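None of the values given here were measured: they were computed from a predicted structure.
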Amino acid sequence: MNIDTSRTGNTRTQNAPQYGLSGTTGATGPITQTISKRRSHRKQWRIFECVAMLILDAWLIHVSFQLAYSLRQAFGEPDSFLSHLLVNVRMNLLNNDTATYVLQKPDRFLGLEIGIILGLLIIFIFRGLYRLRLTGTWFRQAQIILGSTTLGLAFLITYYFTFQPPATSRLLFVFTWLVTILVLILGRLLVSAGMSILYRMGLGETRLLVVGSGRLGKMVMQHITASPNLGYSIVGFLHDMSEEPGDFGRFKMLGTIDDIAMVIRSMQIDEVIIALPSNLHQQAVRSVKLCERLGTSFKLIPDLYELSLSRIDMEAIEGIPLIGIRQASLNTTQRIITRLIDILGSASVLLLGSPLWLGIALLVKLTSTGPVIFQQTRIGMNEKPFKMYKFRSMYQDAEQRKAALQARNEAQGHFFKMKDDPRITPIGKFLRKTSLDEIPQLLNVLKGDMSLVGARPPVPAEVAQYEEWQKGRFAMKGGLTGLWQVRGRSNLSFDEGVLMDLYYIENFSLRLYFQILLSTIPAVLLRRGAY
């Protein structure tokens, strides 16, 4: 849970020179001007974004009212199914009310429409809808829209029952409420998708600095990296002396926590996330004060005994923040649903594609000596070993030749990877590029050793080198695909991949499960990181 103490409006960058720029050429003036200009542009863009969303919401509410009016009009068409339905409702539910209602012309409802538009926009503003990021907060935006629109409907009904203006329609109120919710939520979803595409193209990203290199800092980078649609670009991190200094996968160590002022200026940082352990409380306070003085937006993440960030829940009573821990996200119902999907999905693929799988098996058998199916011991849920199946893609003596190739290992971490591995057969290269070599693992899914989605099961030799935090991958079943696979596979370092797996486990939901399944299709077709 982030405690946002950002001061985006503070642009006192003219005080920056008092902190110095050790290691630079002394070009404090140009750097400060560049940062000030960048922050000014970001502030202007934020204002434009809010105004644009206000205008868009006003137009969408107008469209919703027109659609609601058309729907209400359809119920008034003589001898139509909807009109007969309305008559039956009035007779059976409204004390035999058979009075004929004549819907007023649209211009008679102009004042009502303007009032609805202005009223909802005011409620949205007070409920903080326009303070939320357009990406990564869709569910929160949907909640505000639902609650605000319902509140607006209550005000509208109270007004009409109190003053009883001539142009009124109970059904029109209900239709306007329903249609407005649907249209606004759909509109926000489309805007969020559009902004996500722009962020993925590198447009409008927020340059982010993480202060902290321990477990907490890595968890932050894990969450952010797993959600590129949020629009954050991690420039690097600052070392907090909790472990050996060095880069973390593709994330660069830019210095120590004492270099925060210099890094913010020289790297043109837009936002800072302070993720320091509890024993570095004074350094965290110092970092907060430096961010305030430099006019940099920042967020402070409390170190709650390194618990999963996704399980931290926070509420306030009379202004006092109360922090609690939610129960583990994977419940019995979710386990049953995912297991049923695993069985149905794997059985369907095996049966429907059986002619292709038999053809691949024949090619493997004819092109090299050895078994068609390669079996290897892997470590699954709760660190239990099992036999994992794959179409054999290497020559039979691959394991004996591995030691001689160890110096050419291109992977970071506890596993071995080579782009041009001489142990791979010609047909094996094709199978690996297309991920068809992993089809027999569907048998593991049917047996219950694996799931369609989860962390990739490692070999025992890798597990023997794991640090304690990396063993969190075994909290759920291993998967045929996972967040690591759809985010880059072999292009990611081992630690980055582990953090992807932990993110999935700690933030499990059926939505994320299906999202990874669907994302696997383009990942396989585009062959990202497959070798």
Side-chain angles (χ1 to χ4, degrees), residues 1-2 4 6 8 41-64 67 117 120-121 123-150 152 177-208 220-234 270-271 273 297 299 309-310 329 483 486-487 500 503-504 507-523:
M1 180 69 193
N2 292 357
D4 189 349
S6 57
T8 54
H41 287 167
R42 289 180 60 80
K43 186 176 181 180
Q44 293 172 7
W45 172 255
R46 179 59 184 155
I47 294 173
F48 169 78
E49 192 179 80
C50 291
V51 173
M53 290 308 301
L54 273 168
I55 296 173
L56 177 62
D57 285 345
W59 180 75
L60 289 177
I61 296 170
H62 164 71
V63 171
S64 301
L67 290 174
I117 294 174
L120 285 181
L121 291 181
I123 296 174
F124 289 158
I125 291 172
F126 278 100
R127 295 288 299 276
L129 180 62
Y130 301 105
R131 292 196 298 269
L132 298 177
R133 290 179 63 91
L134 293 178
T135 57
T137 60
W138 182 78
F139 286 101
R140 176 59 181 154
Q141 293 179 64
Q143 289 176 348
I144 292 178
I145 289 172
L146 177 60
S148 301
T149 308
T150 304
W177 172 67
L178 289 173
V179 176
T180 300
I181 291 173
L182 292 176
V183 170
L184 286 179
I185 289 178
L186 179 60
R188 291 277 167 166
L189 182 62
L190 294 176
V191 169
S192 178
M195 292 298 295
S196 296
I197 293 173
L198 293 178
Y199 288 149
R200 290 174 186 271
M201 294 170 59
L203 300 176
E205 285 187 326
T206 299
R207 293 174 61 82
L208 188 69
V220 170
M221 287 188 273
Q222 159 204 335
H223 283 61
I224 294 173
T225 305
S227 303
N229 61 302
L230 296 178
Y232 288 111
S233 174
I234 299 180
D270 297 318
E271 189 166 317
I273 291 185
S297 176
K299 292 180 174 65
L309 297 181
S310 63
S329 56
L483 203 56
V486 300
R487 295 287 189 230
M500 293 283 187
Y503 178 87
Y504 172 73
N507 297 272
F508 176 84
S509 66
L510 292 176
R511 181 179 66 87
L512 184 57
Y513 175 90
F514 285 112
Q515 180 181 339
I516 293 175
L517 275 181
L518 294 176
S519 300
T520 302
I521 298 173

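Salt-bridge annotation for R207 and E271: absent, with no side-chain N of the basic residue lying under 4.0 Å from a carboxylate O of the acidic one.
To the nearest 0.5 Å, atom CG of residue L208 and atom CD1 of residue I234 are 6.0 Å apart. One distance of note links CE of M53 with CZ of F48; it measures 11.0 Å at 0.5 Å rounding. With rounding to the nearest 0.5 angstrom, the NE2 atom of H62 is 9.5 Å from the CG atom of L67. In this structure, I61 CD1 and S64 OG are separated by 7.0 Å, a value rounded to the nearest 0.5 Å. Distance check: I516 CD1 to T520 OG1 gives 7.5 Å after rounding to the nearest 0.5 Å. Atom CE of residue M195 and atom CG of residue L190 lie 13.5 Å apart, to the nearest 0.5 angstrom.
Residues T206 and R133 have side chains in contact (heavy-atom distance under 4.5 Å, counting atoms from C-beta outward). You'll find the side chain of V220 reaches within 4.5 Å of the side chain of I224, heavy atoms only. With contacts defined as side-chain heavy-atom distances shorter than 4.5 Å, the pair R188/L134 qualifies. Contact annotation: the side chain of Y232 never approaches that of Y199 to less than 4.5 Å [non-hydrogen atoms, C-beta and beyond]. L121 has its side chain within reach of Y130: a pair of non-hydrogen atoms, C-beta onward, lies under 4.5 Å apart. Side-chain contact between W59 and I117 is absent, with no heavy atoms from C-beta onward closer than 4.5 Å. With a 4.5 Å cut-off on side-chain heavy atoms, W138 and I185 count as touching. Contact annotation: the side chain of L132 approaches that of I144 to within less than 4.5 Å [non-hydrogen atoms, C-beta and beyond].
Counting all heavy atoms, side chain and backbone alike, R131 lies closest to I125 at NH1-O, 4.1 Å. Considering all non-hydrogen atoms of both residues, S148 and L120 come closest at O-CD2, 3.9 Å. When all heavy atoms of G147 and R127 are compared, the closest pair comes out as C-NH1, 3.7 Å. A pairwise comparison of heavy atoms in S196 and T135 identifies OG-CG2, 3.7 Å as the closest pair.
The cationic atom of R511 (NZ for Lys, CZ for Arg) does not lie both less than 6.0 Å from the six-membered ring centre of F139 and within 45° of the ring axis.
Just one residue in the list L129, D57, I123 forms a side-chain contact (heavy atoms from CB on, under 4.5 Å) with I145, and that residue is L129.
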